[in-house]
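Here is the structure we will look at.
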Amino acid sequence: MEKPLSGRGLDALAPLERGFYQRGTTTVARELLGKLLVRRLPDGGIAVRITEVEAYLGVGDPAAHTYRGRRTNRNEVMWGDGGHLYVYFTYGMHYCCNVVTRLEGVPEAVLLRGAVAVEGGPVIVARRGGKAGRHLLDGPAKLCKGMGIDRTLNGADLTLGDELWVASDGLECPRAWVRRLPRVGVGYAGGAAEWPLRFVLDLDGPASSRRVSRR
DNA sequence: GACCAGATGTACT
DNA sequence: GTACATCTGGTCT
């Protein structure tokens, strides 16, 4: 776990503006690495540093929920303006959260797959059932559980800074810290499963030989 | 690390 | 009605 933020806590972390999200999805995905996902909860404030994301490129992407223009109640948020949260339920027991990108009518998003705790570690550990350690937030459903993200946040506006938002604390991620890999769990998507749309930030630096989970 | 059961919402026939 | 999902945690090796 990183050292805690100094000083004023969550209120010093201003939400990114909508323009950040309205750009190209792979650009947004890459630039989300190293940013802070901030959550205000009754049991305390939480901030985590985003370390793993995946881009989903809308109607032309067989792995995306909006492939070929599919538009349903579930994915309606993806069709809206960038800067909103798309939360869906899967495998009968897990939530996953995405950040919607581009403009209204262009249904693309970035799946948040992993993070490390920066602020509010004990709150996260408690929400994860007391399981601390490096696997605390290393999966999309773990991230949602640890941060108290569920269906009630589907469609939330990330630019307001009320319940949940994304902020920068100025950390820059050198290219050498970022790896581009195929996406996870989308084998059904044919060739698109191989597209290198997964971005992983190695906070230990490029020298680290540690493996990235393949799931 | 590899393997697999689990539980139910969602999309589609 | 049915097939399957942007996964996790436990067990076994």
Side-chain angles (χ1 to χ4, degrees), chain A residues 21 25-26 28-30 32-33 37 48 50-80 82 84-102 106-117 124-156 158 164 166 179-201 208-215:
Chain A
Y21 303 101
T25 302
T26 52
V28 175
R30 165 69 177 81
L32 277 171
L33 291 179
L37 183 63
V48 303
I50 299 167
T51 57
E52 186 172 345
V53 299
E54 284 177 0
Y56 284 85
L57 305 183
V59 300
D61 180 357
H65 287 171
T66 52
Y67 180 47
R68 294 166 66 168
R70 187 188 302 146
R71 186 168 188 164
T72 64
N73 276 340
R74 179 171 70 150
N75 68 27
E76 184 62 30
V77 174
M78 280 186 75
W79 289 87
H84 292 84
L85 194 71
Y86 169 44
V87 182
Y88 66 88
F89 188 67
T90 191
Y91 288 99
M93 59 191 105
H94 302 302
Y95 290 102
C96 297
C97 67
N98 297 247
V99 171
V100 176
T101 59
R102 306 290 297 266
V106 185
E108 304 188 7
V110 177
L111 170 67
L112 304 182
R113 287 195 60 87
V116 293
I124 300 172
V125 171
R127 284 181 173 268
R128 289 275 289 114
K131 299 180 183 65
R134 72 177 307 116
H135 298 297
L136 186 63
L137 297 170
D138 67 345
K142 296 180 187 179
L143 182 60
C144 286
K145 188 171 184 193
M147 298 200 72
I149 295 171
D150 62 21
R151 190 189 310 277
T152 64
L153 281 172
N154 188 37
L158 297 172
L164 180 73
V166 180
R179 279 178 281 177
R180 288 189 73 157
L181 301 166
R183 290 178 293 186
V184 173
V186 296
Y188 59 88
E194 305 300 318
W195 297 354
L197 295 178
R198 177 185 181 202
F199 295 83
V200 179
L201 172 62
S208 167
S209 58
R210 149 172 88 62
R211 289 283 205 75
V212 175
S213 99
R214 294 207 292 117
R215 298 211 277 206

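Proteins get letters first, then strands, A, B, ... in listed order; numbering begins at 1 in each.
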Can you tell me how far C1' of C:dC7 sits from CD1 of A:Ile149, to the nearest Å?
-> 16 Å
What's touching nucleotides 9-12 of chain B from the protein side, N or O pairs under 3.5 Å?
residue: B:dT10; atom: OP1; partner: A:Arg151; partner atom: NH1; Å: 3.0
residue: B:dT10; atom: O3'; partner: A:Arg74; partner atom: NE; Å: 3.4
residue: B:dA11; atom: OP1; partner: A:Thr72; partner atom: OG1; Å: 2.2
residue: B:dC12; atom: OP1; partner: A:Arg70; partner atom: NE; Å: 2.8

Between A:Asp138 and A:Arg134, does at least one N-O distance fall below 4.0 Å, as a salt bridge requires?
-> no
Value in whole Å for how far the C1' atom of C:dC7 lies from CG of A:Leu143 = 13 Å
What does A:Ala63 touch in the nucleic acid at a heavy-atom separation under 4.0 angstrom: a base, only the sugar-phosphate, or nothing?
-> base
Is there any salt bridge (charged side-chain N to carboxylate O under 4.0 Å, His left out) pair reaching into residues 185-194 of chain A, and which pairs are they, with sequence neighbours excluded?
-> none
For A:Ala156, side-chain contact (heavy atoms from CB on, under 4.5 Å) partners two or more places apart | A:Leu85, A:Leu153
Encoded 5' to 3' (Watson-Crick or G-U under 3.5 Å; [ ] crossing; | other strand), DNA chain B becomes ||||||.|||||.
Specify the separation, in whole Å, of atom CE of A:Met93 and atom C1' of C:dG10.
-> 13 Å
Sequence neighbours excluded, the answer for side chain to side chain donor-acceptor pair (under 3.5 Å) partners of A:Tyr21 is none
Which residues share a side-chain contact (heavy atoms from CB on, under 4.5 Å) with A:Cys96, sequence neighbours left out | A:Tyr88, A:Thr90, A:Leu111, A:Pro140
Let me know the distance between CG of A:Leu137 and P of C:dG9, rounded to the nearest Å.
-> 11 Å
Separation of A:Tyr56 atom OH from C:dA5 atom P, in whole Å?
-> 12 Å
Using side-chain contact (heavy atoms from CB on, under 4.5 Å) as the criterion, list what pairs up with A:Pro62, not counting sequence neighbours.
-> A:Tyr67, A:Ala189, A:Ala192, A:Trp195
Non-hydrogen atoms of A:Arg183 and A:Asp61 that approach each other most closely = NH1-OD2, 2.7 Å
Partners meeting salt bridge (Lys or Arg N to Asp or Glu O under 4.0 Å) with A:Arg102 (sequence neighbours left out) = A:Glu108
Between CZ of A:Arg128 and P of C:dG10 the distance, given in whole Å, is 10 Å
Out of B:dG6, C:dG10, C:dA5, which has the shortest distance to the side chain of A:Lys131?
-> C:dG10
A:Ala29: side-chain contact (heavy atoms from CB on, under 4.5 Å) partners, not counting sequence neighbours = A:Val53, A:Ala55, A:Val110, A:Phe199
Nearest whole angstrom, please: distance from the P of C:dT8 to the CG of A:Asp138.
-> 8 Å
Sugar-phosphate, base or nothing in reach of A:Lys142, heavy atoms under 4.0 Å | sugar-phosphate
What's the OH-C1' distance between A:Tyr91 and C:dA3, to the nearest Å?
-> 13 Å
